[in-house]
Each structure stands twice: as C-alpha cells, then as structure tokens.
Amino acid sequence: MNALERLHAARTLVSEGRREEALQEYIWFFERASKENRSLDVVRLSGGLADWVALADVYPKARHALEAIRDRKSQLLLFRLLGWDAFHEVVSINEHLGCEGQTYGLFKALAASDAKFAERCADIALPSILQA
C-alpha cells in the first residue's frame, strides 16, 4: 500500500469507528510518507494533520501520540540532531493543536543555542511568535 492509500485507509477506518487502527495509519503516514514521495509533505502537514487532529477530538490517545511526536522532534531539534524540516513539522503540529506558544518557546530556545539555525527558522515561526 502506498502512502496516499494509507491516508485513505486511515480516513476509512475513522468512519468505521476503528480509531486505534486509524491512529496507526496516521502515525505511519506522518512518519514515512515523505520518504516515499517528498511531494506528499504538503498533504502530510496540512490535510493529514487536520484529519489526525479530528480523530484526536474523539480519541484522546491520538492527541497524545501526536504530542509525543512533537515533543520528541522538539528535543532532537534542541540537541541539533534534526534540521529545518523537523522544525517545520513541529510548527505544523503546534498550529493544528492550537499550541503556537510551544513553537514560540522552542524558537526562543533554539535562538539562544544556535542563532544561525533560528534565523533560518524565523519565517516559519513568525506567525506563532506574533500570536504569542
């Protein structure tokens, strides 16, 4: 099954009330789709996340899983083990969860430890910075 088929399967599973199985498909899609096809990043960070958050509204475990991915990537960013793409993912997750303040906090921490990297991330962080 390719990445788009996995996303479609997740949506079908949600409609069938099979929430745990849907969650596993959303996790797979988020973590692996861009490795299969880089052009899926837009779908992954917009529609895919929106669908996942809709599931999280009725299935709290889905929110916890998404927050865990965000928190893991944030920590790896702070240790500079991940780059701009991961920062973009964290920003997108925070936007979908309504946690823009966390983006601002992460950006401030990055700016304190690596100003050049933070400068590179500033454009994508700016809406969250302004909101905070």
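Since we're looking at a predicted model, the values are computed, not measured.
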Student: List the steps and the verdict of side-chain contact (heavy atoms from CB on, under 4.5 Å) for F87 and L106.
Tutor: CA-CA 9 Å; F87 185 77; L106 176 60; 3.9 Å; yes
Student: Listed by chain and number, what are the salt bridge (charged side-chain N to carboxylate O under 4.0 Å, His left out) partners of R72, not counting sequence neighbours?
Tutor: E31
Student: I'd like to check F29 versus V43 (side-chain heavy atoms, cut-off strictly below 4.5 Å). Are they in contact?
Tutor: yes
Student: Check the hydrophobic clustering (I, L, V, M, F, W, Y; side-chain heavy atoms under 4.5 Å; chains of links allowed) and say if I93 and V91 are grouped together.
Tutor: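 Looking at the clustering, V91 is in a separate group from I93.
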Student: Can you give me every donor-acceptor pair (side chain of residues 110-131, partner residue at least two apart or in another chain, under 3.5 Å) with its distance?
Tutor:
unit_1: S113; atom_1: OG; unit_2: A109; atom_2: O; d: 3.3
unit_1: S113; atom_1: OG; unit_2: L110; atom_2: O; d: 3.4
unit_1: D114; atom_1: OD1; unit_2: K116; atom_2: N; d: 3.4
unit_1: D114; atom_1: OD1; unit_2: F117; atom_2: N; d: 3.1
unit_1: D114; atom_1: OD2; unit_2: R80; atom_2: NE; d: 2.8

Student: S15: which residues meet the side chain to side chain donor-acceptor pair (under 3.5 Å) condition with it, sequence neighbours left out?
Tutor: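 By the side chain to side chain donor-acceptor pair (under 3.5 Å) rule, S15 matches no residue at all.
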Student: Closest approach of L23 and A62, non-hydrogen atoms and distance?
Tutor: CD1-CA, 3.8 Å
Student: Give, for atom CG of L49 and atom CD of E89, the distance between the pair rounded to the nearest 0.5 Å.
Tutor: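 One finds 9.0 Å between CG of L49 and CD of E89.
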Student: Once you round to the nearest 0.5 Å, how far does CG of L97 lie from CD of E95?
Tutor: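 One gets 10.5 Å once the value is rounded to the nearest 0.5 Å.
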Student: Honestly curious: do L66 and L82 fall in one hydrophobic cluster under the side-chain, below-4.5 Å linking rule?
Tutor: no
Student: Using 30° and 60° as the class boundaries, would you call the ring planes of Y26 and W52 parallel, tilted or perpendicular?
Tutor: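 Y26 vs W52 ring planes: parallel.
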Student: For A56 and R63, which heavy atoms make the closest approach, and how far apart are they?
Tutor: CB-N, 3.5 Å
Student: When rounded to the nearest 0.5 angstrom, what distance separates OG in S34 from CG in L45?
Tutor: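 One finds 8.0 Å between OG of S34 and CG of L45.
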Student: For residues V90 and T103, report the shortest heavy-atom separation together with the two atoms involved.
Tutor: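 What the structure gives for the nearest pair is O-OG1, 4.4 Å.
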Student: Is there a path from M1 to V14 through hydrophobic residues (I, L, V, M, F, W, Y) whose side chains come within less than 4.5 Å of each other?
Tutor: no
Student: As a quick check of understanding, evaluate side-chain contact (heavy atoms from CB on, under 4.5 Å) for S74 and Q102, giving each step before the final call.
Tutor: CA-CA 10 Å; S74 294; Q102 290 209 7; 6.0 Å; no
Student: Name all residues meeting the salt bridge (charged side-chain N to carboxylate O under 4.0 Å, His left out) criterion together with K108; count only those two or more places apart in sequence or in a different chain, and write none if there are none.
Tutor: none
Student: Please give me the minimum heavy-atom distance between N37 and S39, naming the atom from each residue.
Tutor: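 Reported closest heavy-atom pair: OD1-OG, 2.6 Å.
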Student: Rounded to the nearest 0.5 Å, what separates atom CG in L40 from atom CZ in F30?
Tutor: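 L40 atom CG to F30 atom CZ measures 13.0 Å (nearest 0.5 Å).
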Student: Going by atom type alone, with no hydrogens or angles, which donor-acceptor pairs under 3.5 Å involve a side-chain atom of residues 3-10 and a protein atom two or more places apart or on another chain?
Tutor:
unit_1: E5; atom_1: OE1; unit_2: N2; atom_2: N; d: 2.8
unit_1: R6; atom_1: NE; unit_2: E25; atom_2: OE1; d: 2.5
unit_1: R6; atom_1: NH2; unit_2: E25; atom_2: OE1; d: 3.4

Student: About how many Å separate CZ of R19 and NZ of K61, when rounded to the nearest 0.5 Å?
Tutor: 13.0 Å
Student: Transitively linked via ILVMFWY side-chain contacts under 4.5 Å: L81 with W84?
Tutor: yes
Student: To the closest 0.5 Å, what do you measure between CG (D41) and OG (S46)?
Tutor: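 D41 CG to S46 OG: 10.0 Å, rounded to 0.5 Å.
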Student: Can you name the closest pair of heavy atoms from E20 and Y59 and give their distance?
Tutor: OE1-OH, 2.5 Å
Student: Only counting residues at least two apart or in another chain, list the ones meeting side chain to side chain donor-acceptor pair (under 3.5 Å) with E36.
Tutor: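 Counting only residues at least two positions away or on another chain, E36 forms no side chain to side chain donor-acceptor pair (under 3.5 Å).
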